[in-house]
Asks: 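Can you read through this structure? Questions will come right after.
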Amino acid sequence: MIKIDVSEKNGWAVLAVDGQIDLHTSPDIRKELAGRAKAKKARIAIDLTRVSYIDSSGLATFIEAMQKLKKGGGEIALCGLSESVRHVFEVARLDSIFAIHASSDDLK
Amino acid sequence: MITVNNLVKKFDGRTVLSGINLEVKTGETMVIMGGSGCGKSTLLRHLVGYYRPDQGEILFDGKDIAKMTEAQLDAVRKKFGILFQSGALLNSLSVGENVALPLREHSDLNDEIIKIIVKIKLELVGLTGFENLMPSQISGGMKKRVGLARAIALDPQIVFYDEPGAGLDPITTAVIDRLIVDLSKKLGITSIVVTHEMKSAFRIADRMAMLYEGKVIAVGTPDEIRDSSNPLVQQFITGSADGPVPLRRSSEEYIKSLTGV
Ligand SMILES: Nc1ncnc2c1ncn2[C@@H]1O[C@H](COP(=O)(O)OP(=O)(O)O)[C@@H](O)[C@H]1O
Ligand SMILES: [Mg+2]
């Protein structure tokens with residue numbers, strides 16, 4: 001199971017995810033992102049502090065959101081990646097295409 | 001993670017595996033080496049439950065794969081990525097659809113998400129942009145890489161590779177080796193790699209096991225294997241033609257094929 005908490009910080013919608021992101025839970029995140037990503041100039045940050053595992057479907061979900069956001073002039077950022085989660089991005093060579101922050105406090 | 005105890009397999013009365021003992025630990029890359037026809041692929045096929053042993057057990061996380069029903073095996077195999085010697089692509093499907101196959105079979109993911117995952121996996125094996133080609137339009141080495149992309153489509157915990165470098169040029173082999181190491185070191189994936197290519201074996205292995213006449217005759221780290229005093233091991237890793245491994249390996253088999261006894 002997964003929990004998604006939405007809050008607002010410095011003009012960003014921060015989605016704090018709690019749980020494992022895998023084949024079963026990534027569709028929930030996708031649903032949460034879908035409506036928000038369509039808005040013009042939306043700024044969405046995903047806080048992964050409480051995520052211990054992410055699989056490729058999770059990566060793909062964030063990439064799809066990035067594609068949609070870019071169309072409307074929006075932005076996506078990722079925060080609070082643990083070492084193991086960061087490794088998943090690195091192996092897929094995706095660490096450079098996302099704006100990655102240590103914590104949601106760094107969102108500007 | 002995997003423990004093989006006294007595995008015996010015969011084909012038509014001919015013993016191919018004659019009491020294999022082997023342990024593979026979580027997160028390690030175990031290379032299984034040995035001459036052509038010594039039973040490496042046969043061992044691998046037992047580990048993934050395609051062959052049933054005549055004797056012995058194959059414990060995966062403590063449960064015996066050899067005794068599982070097909071349904072139980074299916075559930076376990078979701079955690080496995082398997083790269084066959086041939087690549088085994090479906091010729092009627094595009095490269096991208098081949099990679100997507102396990103995702104379509106084992107998940108309800110949206111098509112857009114599957115397409116992105118396919119792109120990620122193809123990039124990992126150095127085949128970005130090839131998704132719309134058909135298998136008949138690409139080389140054998142590329143098919144192998146597509147097979148690998150498909151094997152890792154579902155982010156397996158453990159990946160079995162049968163001769164991942166066979167038929168590939170040295171640069172592509174190095175790319176695949178790098179990927180095997182990355183998957184293991186960065187994602188903690190356990191890898192079991194069958195190969196007879198020593199350069200590759202020493203590059204990727206945490207530990208190596210050498211098969212000879214149906215048995216594991218040596219297991220150890222690359223340094224331990226390099227320093228092994230076993231002449232069979234030395235002959236194999238240095239690739240010298242003269243030594244205790246007879247050129248006509250299975251005289252028993254040969255005689256049997258001629259005389260029928
Ligand atoms: N399904 C089978 N039926 C009969 N013989 C087989 C079968 N699979 C493998 N063998 C035999 O087992 C031996 C080992 O084969 P294999 O495991 O493919 O060797 P390797 O992968 O080390 O080259 C060979 O002599 C091969 O002919
Ligand atoms: Mg083989």
Side-chain angles (χ1 to χ4, degrees), chain A residues 1-2 4 17 19-38 44 46 48 51-72 76 78 81-98 100, chain B residues 26-27 29 75 77-81 96 99-129 131 148-159 175-189 191:
Chain A
M1 275 311 345
I2 198 161
I4 307 166
V17 182
Q20 297 208 342
I21 305 180
D22 58 23
L23 294 177
H24 307 290
T25 59
S26 65
D28 293 342
I29 299 177
R30 183 170 189 260
K31 215 180 289 166
E32 188 65 47
L33 283 168
R36 297 172 187 280
K38 265 188 279 176
I44 300 179
I46 322 275
L48 298 169
V51 171
S52 55
Y53 174 82
I54 181 166
D55 73 355
S56 302
S57 74
L59 299 183
T61 300
F62 296 153
I63 291 171
E64 186 195 35
M66 171 184 270
Q67 292 167 352
K68 285 189 185 155
L69 282 161
K70 283 211 162 136
K71 276 190 200 135
I76 187 166
L78 306 174
L81 282 66
S82 67
E83 197 186 356
S84 60
V85 168
R86 180 181 278 273
H87 281 161
V88 177
F89 282 86
E90 282 172 9
V91 171
R93 284 189 273 272
L94 294 172
D95 48 320
S96 56
I97 81 164
F98 287 102
I100 296 180
Chain B
T26 302
T29 298
R77 284 203 200 106
K78 278 184 198 165
K79 299 173 189 162
F80 292 177
V99 178
L101 209 59
L103 293 157
R104 297 207 195 283
E105 274 179 13
H106 296 294
S107 83
D108 303 318
L109 291 175
N110 175 279
D111 203 50
E112 289 305 311
I113 297 296
I114 289 181
K115 282 195 181 126
I116 296 171
I117 297 176
V118 167
K119 288 202 165 99
I120 293 173
K121 303 297 173 179
L122 285 176
E123 162 68 16
L124 281 180
V125 298
L127 288 178
T128 287
E131 49 265 58
L148 178 51
R150 186 180 59 189
I152 58 174
L154 284 167
D155 300 309
Q157 288 177 7
I158 173 162
V159 184
V175 169
I176 300 278
D177 286 350
R178 173 84 228 189
L179 178 60
I180 294 173
V181 172
D182 262 10
L183 291 174
S184 131
K185 294 292 155 305
K186 293 195 164 172
L187 302 183
I189 290 178
S191 310

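Lettering of chains follows the sequences in order, A, B, ..., and the numbering in each one begins at 1. Computed from a prediction, not measured in an experiment: that's the story for all the values here.
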Asks: Looking at NZ of Lys186(B) and CZ of Arg86(A), how far apart are the two atoms once the value is rounded to the nearest 0.5 Å?
Replies: 10.5 Å

Asks: Once side chain to side chain donor-acceptor pair (under 3.5 Å) is applied, do any residues pair with Arg104(B), and if so which ones, sequence neighbours excluded?
Replies: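 So Arg104(B) forms a side chain to side chain donor-acceptor pair (under 3.5 Å) with Glu97(B), Asp111(B).
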
Asks: Do any of residues 20-28 of chain A have a heavy atom less than 4.5 Å from a heavy atom of chain B, and if so, which, in residue order?
Replies: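 From residues 20-28 of chain A, the residues near chain B are Leu23(A), Ser26(A), Pro27(A).
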
Asks: Given heavy-atom pairs under 4.5 angstrom as the criterion, report whether the side chain, backbone, both or neither of Leu154(B) touches chain A.
Replies: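 For Leu154(B), side-chain heavy atoms alone lie under 4.5 Å from chain A.
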
Asks: Glu32(A): what forms a salt bridge (charged side-chain N to carboxylate O under 4.0 Å, His left out) with it, not counting sequence neighbours?
Replies: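 Glu32(A): salt bridge (charged side-chain N to carboxylate O under 4.0 Å, His left out) contacts with Arg36(A).
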
Asks: Counting only heavy atoms closer than 4.5 Å, note whether Lys119(B) contacts chain A via side chain, backbone, both or neither.
Replies: neither

Asks: Tell me, do Ile46(A) and Leu33(A) make a side-chain contact under 4.5 Å, heavy atoms counted?
Replies: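 Of all side-chain heavy-atom pairs linking Leu33(A) with Ile46(A), at least one is under 4.5 Å.
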
Asks: So what's closer than 4.5 Å to chain A heavy atoms on Ile120(B): side chain, backbone, both or neither?
Replies: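 Looking at Ile120(B), just its side chain touches chain A.
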
Asks: For the interface with chain A, which of Asn110(B), Asp108(B), Ile152(B) has the highest count of heavy-atom pairs at distances below 4.5 Å?
Replies: Asn110(B)

Asks: My understanding is that only residues two or more places apart in sequence, or in another chain, count here; which of them pass salt bridge (charged side-chain N to carboxylate O under 4.0 Å, His left out) with Lys31(A)?
Replies: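 Lys31(A) satisfies salt bridge (charged side-chain N to carboxylate O under 4.0 Å, His left out) with no other residue.
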
Asks: Counting N and O atoms only, with roles assigned by atom type, does the side chain of Asp155(B) sit under 3.5 Å from a partner on the main chain of Ser56(A), one being a donor and the other an acceptor?
Replies: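 Pair found, side chain donor or acceptor close to backbone of Ser56(A).
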
Asks: Show, in sequence, the C-alpha distance, side-chain angles and deciding distance for Ile116(B) and Gln67(A), and conclude whether the side chain to side chain contact (heavy atoms under 4.5 Å, CB included) test is met.
Replies: CA-CA 11 Å; Ile116(B) 296 171; Gln67(A) 292 167 352; 4.1 Å; yes

Asks: Between Glu131(B) (side chain) and Gly129(B) (backbone), is there a donor-acceptor pair under 3.5 Å?
Replies: yes

Asks: Could you look at Tyr53(A) and say if it's the side chain, the backbone, both or neither that has a heavy atom under 4.5 Å from chain B?
Replies: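 Answer is side chain: those atoms of Tyr53(A) sit under 4.5 Å from chain B.
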
Asks: Drop me the distance from Leu78(A)'s CG to Ile44(A)'s CD1, to the nearest 0.5 angstrom.
Replies: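 Taking CG in Leu78(A) and CD1 in Ile44(A), the distance rounds to 11.5 Å.
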
Asks: I'd like to verify something: which residue of Leu103(B), Asp182(B), Leu187(B), Ile113(B) has the highest number of heavy-atom pairs under 4.5 Å with chain A?
Replies: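 Most heavy-atom pairs under 4.5 Å with chain A: Ile113(B).
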
Asks: Which answer fits Leu109(B), side chain, backbone, both or neither, if we ask what part of it has an atom under 4.5 Å from a heavy atom of chain A?
Replies: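 Answer is side chain: those atoms of Leu109(B) sit under 4.5 Å from chain A.
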
